[in-house]
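Since the structure comes first, as structure tokens, the remarks are kept for the end.
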Amino acid sequence: MMKRRIVAGVAAFGIAIALAGCSAGGRGATGSGDGGGDNKGALVGVAMPTKVSERWIKDGDAVKSDLEKAGYKVDLEYGDNKVQQQAQQVSNMITKGAKVLIIASIDGGALSDQLDQAAKAGIKVISYDRLLTGNKNVDYYVSFDNYKVGVDQATSLLTGLGVVDADGKKTGKKGPFNIEVFAGSLDDNNAGFFFNGAMDTLKPYLEDGTLKIGSGQDQLSQAATQQWDPATAKARMQNLVASTYSGGTKLDGVLSPYDGMSIGIISALQGAGYGSGDRPLPIVTGQDAEAASVKSIIAGQQYSTIYKDTRKLAKQSVTMAEDLLTGKTPETNDDKSYDNKVKVVPTYLFQPTVVTKDNYKEVLVDSGYYTEADLK
Ligand code: BGC
């Protein structure tokens with residue numbers, strides 16, 4: 001009896017999968033799992049990587065509130081930068097019956113089992129900011145132009161050093177300037193895009209001798225920072241100061257890909273005497289316009305950051321989810337740049353904005369991203 005019930009259950013499950021498989025087959029009018037109005041008030045699973053960095057808290061809050069405003073139920077989870085924890089959270093969302101998953105991964109290649117399960121159950125997957133890799137069951141990607149972020153970071157380093165002017169034109173200033181370069185986490189697909197965008201931009205200046213990477217550590221593998229960890233970046237900066245800049249050689253610039261790391265790098269430099277007496281802090285870049293870094297920029301420590309309006313990203317991911325749940329085809333604007341090693345994932349990209357002391361008010365305060373008080 002018991003056995004027969006299990007068999008029947010398995011058979012029913014098989015049919016459900018087959019049905020879901022059918023209806024999920026094509027995009028457009030019938031493109032969304034259950035299709036049409038059945039998905040009203042459906043559950044959407046939202047997986048975010050960590051609360052250590054302020055930006056992901058803003059992302060999570062914005063996605064949740066936009067989904068709720070649109071009438072959906074939300075399961076928002078943070079993975080605490082633990083790959084297994086995030087995998088478990090995504091599995092739970094599938095079990096709970098989520099119809100769409102919006103995932104900002106910790107390790108982009110570590111959720112393959114979950115993506116396979118999701119596809120079997122007819123659940124659509126939107127890769128949020130960080131591309132999910134190594135699996136075909138990634139339906140859409142929404143992010144900022146990550147290569148351009150790297151270009152902008154490097155350009156602001158050049159501007160800060162006075163090598164190019166505000167319009168991006170060469171000033172003729174020849175240095176030579178000593179710089180060091182940092183990169184993000186290798187399990188995050190974005191890290192390579194940022195680094196390549198930046199290094200392609202710096203290349204001509206490295207080749208003509210305007211810039212010199214003092215340590216010689218110019219490879220992504222040497223510059224990478226596991227999980228974008230500020231303490232790891234700080235330790236590497238301390239080591240670089242000890243190995244390369246202790247004998248009076250001046251460090252003029254540091255390419256940092258993320259604000260949290262920039263804070264760690266600046267703290268290492270201050271510990272080594274930079275930022276006081278006749279040793280100014282080098283030009284240090286960043287990303288995310290996190291409040292602590294914007295304050296540091298206002299105080300004249302960090303030079304620049306890259307603003308990526310998380311409200312826009314959140315809104316777009318929610319529009320995509322709604323389209324998928326109501327049988328529409330989500331809008332994309334880049335269907336060639338993001339190959340996840342198995343397929344090119346249709347993408348919607350936003351453009352980043354460089355922020356320095358000169359424009360932070362206009363870009364961050366006037367747009368309502370921060371109030372003046374947030375930055376005090
Ligand atoms: C994001 C960046 C962020 C970094 C560290 C990247 O995937 O695109 O905005 O600085 O992760 O959290």
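Whatever order the structure lists ligands and atoms in, that order sets their numbers, starting from 1. Since this is a predicted model, take the numbers as computed values, not measurements.
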Sidechain N-carboxylate O distance under 4.0 Å for [X], [Y]:
{"X": "K64", "Y": "D61", "result": "no"}
{"X": "K173", "Y": "D165", "result": "no"}
{"X": "D66", "Y": "K315", "result": "no"}

Worksheet item: Which bit of F194 gets closer than 4.0 Å to ligand 1, counting heavy atoms only: side chain, backbone, both or neither?
Response: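 Under 4.0 Å from ligand 1, F194 contributes side-chain atoms alone.
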Fill in: Structural part of D259 in contact with ligand 1, heavy atom criterion under 4.0 angstrom
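Under 4.0 Å from ligand 1, D259 contributes no heavy atoms.
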Fill in: Contact check, W56 vs ligand 1, heavy-atom distance below 4.0 Å
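Heavy atoms of W56 do come under 4.0 Å of ligand 1.
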Practice prompt. Tell me whether the centres of the aromatic rings in Y307 and Y369 are closer together than 6.0 Å.
Written response: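 Centroid distance Y307-Y369: below 6.0 Å, so yes.
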Worksheet item: Do F350 and F144 have ring centroids that are under 6.0 Å from one another?
Response: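 Yes: the rings meet the under 6.0 Å criterion.
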For [atom], what is the nearest protein heavy atom, given as residue, atom name and distance?
{"atom": "atom 1 (C) of ligand 1", "result": "D129 OD2, 3.2 Å"}
{"atom": "atom 3 (C) of ligand 1", "result": "D288 OD2, 3.3 Å"}
{"atom": "atom 11 (O) of ligand 1", "result": "R130 NH2, 2.9 Å"}
{"atom": "atom 6 (C) of ligand 1", "result": "D188 OD2, 3.4 Å"}

Atoms of ligand 1, numbered as shown, that sit under 4.0 Å from any heavy atom of [X]:
{"X": "Y258", "answer": "10 (O)"}
{"X": "R55", "answer": "1 (C), 2 (C), 8 (O), 9 (O)"}
{"X": "K308", "answer": "1 (C), 2 (C), 8 (O), 9 (O)"}

Discussion item. I'd like to check I103 versus L132 (side-chain heavy atoms, cut-off strictly below 4.5 Å). Are they in contact?
Written reply: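 A side-chain contact under 4.5 Å exists here.
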Discussion item. Donor-acceptor pair, distance only, cut-off 3.5 Å: does the side chain of D259 make one with the backbone of Q287?
Written reply: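 Confirmed, D259 side chain pairs with Q287 backbone.
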Discussion item. Is there a polar contact between ligand 1 and N146, counting only N or O atoms under 3.5 Å apart?
Written reply: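 Among all N and O atoms of N146, none is under 3.5 Å from an N or O of ligand 1.
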Worksheet item: So among N340, L111, V342, which one has a side-chain contact (heavy atoms from CB on, under 4.5 Å) with V138?
Response: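 The passing option is N340.
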